[in-house]
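First the proteins, then the strands, lettered A, B, ... as listed; each starts at 1. Both backbone and side-chain heavy atoms feed into the values below; hydrogens, waters and symmetry mates do not.
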Number of protein chains: 2
Amino acid sequence: MATGRTHRPATRSRGIPEATVARLPLYLRALTALSERSVPTVSSEELATAAGVNSAKLRKDFSYLGSYGTRGVGYDVEYLVYQISRELGLTQDWPVVIVGIGNLGAALANYGGFASRGFRVAALIDADPAMAGKPVAGLPVRHTDELESIISDNGVSIGVIATPAGAAQQVCDRLVAAGITSILNFAPTVLSVPEGVDVRKVDLSIELQILAFHEQRKAGEEAGQGPAAAPAQPRQGTQARTAAAAASRKGPEGDVPAVMPA
Amino acid sequence: MATGRTHRPATRSRGIPEATVARLPLYLRALTALSERSVPTVSSEELATAAGVNSAKLRKDFSYLGSYGTRGVGYDVEYLVYQISRELGLTQDWPVVIVGIGNLGAALANYGGFASRGFRVAALIDADPAMAGKPVAGLPVRHTDELESIISDNGVSIGVIATPAGAAQQVCDRLVAAGITSILNFAPTVLSVPEGVDVRKVDLSIELQILAFHEQRKAGEEAGQGPAAAPAQPRQGTQARTAAAAASRKGPEGDVPAVMPA
DNA sequence: CCATCTTTGTGCACGCGTTCACAAAGGCAT
DNA sequence: ATGCCTTTGTGAACGCGTGCACAAAGATGG
């Protein structure tokens with residue numbers, strides 16, 4: 001997972017819990033696959049397996065949307081696809097702008113999963129004048145100067161930020177000023193936005209770090225007993241702690257300046 | 001957020017809650033920035049703001065690691081960077097393989113955030129023979145045939161899957177068989193893995209769908225009263241529902257195995 | 001029409017995560 | 001030393017999310 005929603009503590013939107021909303025796309029994907037194979041109905045058990053969740057959870061999730069199942073039979077695939085799509089707002093067309101057409105931006109522009117779900121890439125925007133006009137994924141890259149006009153002309157409300165971290169907040173501010181109210185942020189920075197603007201963050205290196213944590217734990221368990229090479233520094237008393245802190249800078253008990261400069 | 005951990009319900013690893021582990025990289029990033037500016041100490045309040053979280057949460061998170069602060073003063077930046085890095089396992093080198101060198105795979109290979117956090121791209125692997133040998137991000141792309149040998153020769157335990165959905169499970173199986181125990185999956189599929197293997201999933205289109213949901217809600221509130229253009233199909237009576245369901249298919253009871261063959 | 005069987009929808013309990021609020025701890029000035 | 005001021009660390013309460021387990025609902029066959 002990448003990380004989550006930024007503000008909006010857990011605003012249960014219209015009674016549908018956030019956790020459920022986050023799973024709806026999962027169900028939708030599984031259902032779409034079934035639909036393509038012309039499967040007419042599916043039980044909560046089967047669908048749950050396909051979506052990788054627990055069947056009780058799935059049933060409870062669906063219960064927030066309404067009573068769309070038939071007891072003794074299951075759920076009608078086509079009907080459920082429609083209901084979930086409508087609930088997620090995918091029955092309408094969402095124009096999207098992608099800002100920052102580096103490797104990642106280009107990958108996003110080429111990503112097929114967008115178009116098939118009601119998202120349309122309205123424009124690709126980059127600050128580099130050399131990029132302007134160059135076609136990426138069939139669209140000419142536009143210069144940042146045009147950002148505001150592109151957004152208002154196309155009625156765009158969703159923006160994707162794929163710039164370097166340094167430029168992200170500035171781009172974000174311009175997007176918001178231009179009327180964007182939902183942002184998907186790939187830059188490794190915390191964006192600050194005014195009330196009413198939703199930000200979701202996807203951070204590639206964070207995901208890897210979380211994996212590393214568990215990986216280290218597995219390796220540690222396997223080898224010794226305790227976690228990792230752990231008991232070395234379990235929880236020091238105050239003075240020892242302070243000493244270690246000092247040591248990490250230079251001291252006699254020299255223990256490495258710690259970690260990367262970057 | 002992209003979506004989260006797959007199995008392991010909430011295994012509180014060594015007493016550190018999952019939710020806390022997921023935030024540690026966030027703190028680490030903020031601390032690293034402070035470190036670069038040679039800020040010696042930071043209060044929980046300041047750091048929390050920089051990381052985009054609540055200060056009480058941050059203090060509680062740190063309390064799981066130990067008592068690393070000084071009352072009345074705050075936290076020593078360098079020392080904390082070291083402690084968090086160690087906890088996350090970033091003081092060691094993690095070789096990583098990326099499978100599937102399309103747009104996304106290439107973007108990942110070029111992503112600087114990995115190298116600076118202890119992750120080293122050991123190899124780029126693709127099934128297309130035409131890609132073999134072609135340099136991407138300074139590394140020659142290797143063919144899938146070499147997958148097993150690359151992993152064992154380099155002692156790789158973390159794999160990144162950036163293939164199309166159709167190939168993901170197959171690649172996953174080979175990675176696991178070759179000894180990989182942590183997988184970061186970018187393919188839009190539910191991977192099934194044996195016990196002991198961690199999978200984290202990043203799904204670009206799911207993030208957008210969640211944004212669309214909130215966006216729709218905002219638009220709906222603004223315009224009318226109720227949610228979106230909703231009342232159109234609010235919750236039909238049973239017979240109407242069944243009729244719609246029947247219309248969408250054909251046979252009386254045509255069944256089909258349901259769920260995927262794989 | 002009745003009995004039986006399947007599967008949904010949900011009441012309930014439990015546990016994790018978040019937040020509040022405050023006592024304890026340390027620094028610093030006098 | 002002593003007292004004040006700042007900031008941590010955490011006990012406790014609360015709320016959300018999850019999973020169990022079962023009653024209700026509908027289909028199906030006789």
Inset, instruction - Examine distances only and state if a side-chain atom of A/S35 and a backbone atom of A/L31 form a donor-acceptor pair shorter than 3.5 Å. - result: no

Inset, instruction - Kindly indicate whether the side chain of A/I206, heavy atoms from C-beta on, has any atom under 4.5 Å from the side chain of B/L26. - result: yes

Inset, instruction - Mind calculating the distance between CG (B/D61) and C1' (D/dT10) to the nearest angstrom? - result: 13 Å

Inset, instruction - Rounded off to whole Å, could you give me the CG-to-C1' distance for the A/L80 and C/dT7 pair? - result: 15 Å

Legend entry - Separation of C/dG17 P from B/L24 CG (nearest whole Å): 13 Å

Legend entry - Side chain A/E46, main chain A/T41, donor-acceptor under 3.5 Å: no

Inset, instruction - Report yes or no: is there a donor-acceptor pair, N or O only, under 3.5 Å between the side chain of B/R71 and the base of D/dT8? - result: yes

Inset, instruction - Just call it for B/Y75: base, sugar-phosphate, or nothing, with non-hydrogen atoms closer than 4.0 Å on any strand. - result: sugar-phosphate

Inset, instruction - Using atom CG of B/L58 as one end and atom C1' of C/dG17 as the other, report the distance to the nearest whole Å. - result: 15 Å

Legend entry - d(CD, A/E46; C1', C/dT6) in whole Å: 12 Å

Legend entry - Residue-phosphate contact under 4.0 Å: A/K57 side-chain N/O, D/dG19 OP1/OP2: yes

Inset, instruction - Give the nucleotide from the list D/dG9, C/dT19, D/dG19 with an atom nearest to the side chain of B/R59. - result: D/dG9

Legend entry - Closest listed nucleotide, where the reference is the side chain of A/S44 and the choices are C/dT8, C/dC20, D/dG17: C/dT8

Inset, instruction - Provide, to the nearest angstrom, the distance between the CD atom belonging to A/E18 and the P atom belonging to D/dG17. - result: 8 Å

Inset, instruction - Could you tell me the separation between the CD atom of A/E45 and the P atom of C/dC5, rounded to a whole number of Å? - result: 20 Å

Inset, instruction - Specify the separation, in whole Å, of atom CZ of B/F62 and atom P of D/dT10. - result: 14 Å

Legend entry - Short side-chain to backbone donor-acceptor contact, A/E45 and A/S55, under 3.5 Å: no

Inset, instruction - Give the nucleotide from the list C/dT18, C/dC20, D/dA27 with an atom nearest to the side chain of A/T70. - result: D/dA27

Legend entry - pair A/V197-A/L175: side-chain heavy atoms closer than 4.5 Å: no

Inset, instruction - Measure from the side chain of A/K60, starting at C-beta and using heavy atoms only, and say which of C/dG11, C/dG9, D/dG17 lies closest. - result: C/dG11

Inset, instruction - Ignoring the backbone of B/S63, work out which of C/dG9, D/dA21, D/dT10 is nearest its side chain. - result: D/dT10

Legend entry - First of A/A56 and A/A19 reached from the 5' end of DNA chain D, by closest nucleotide: A/A19

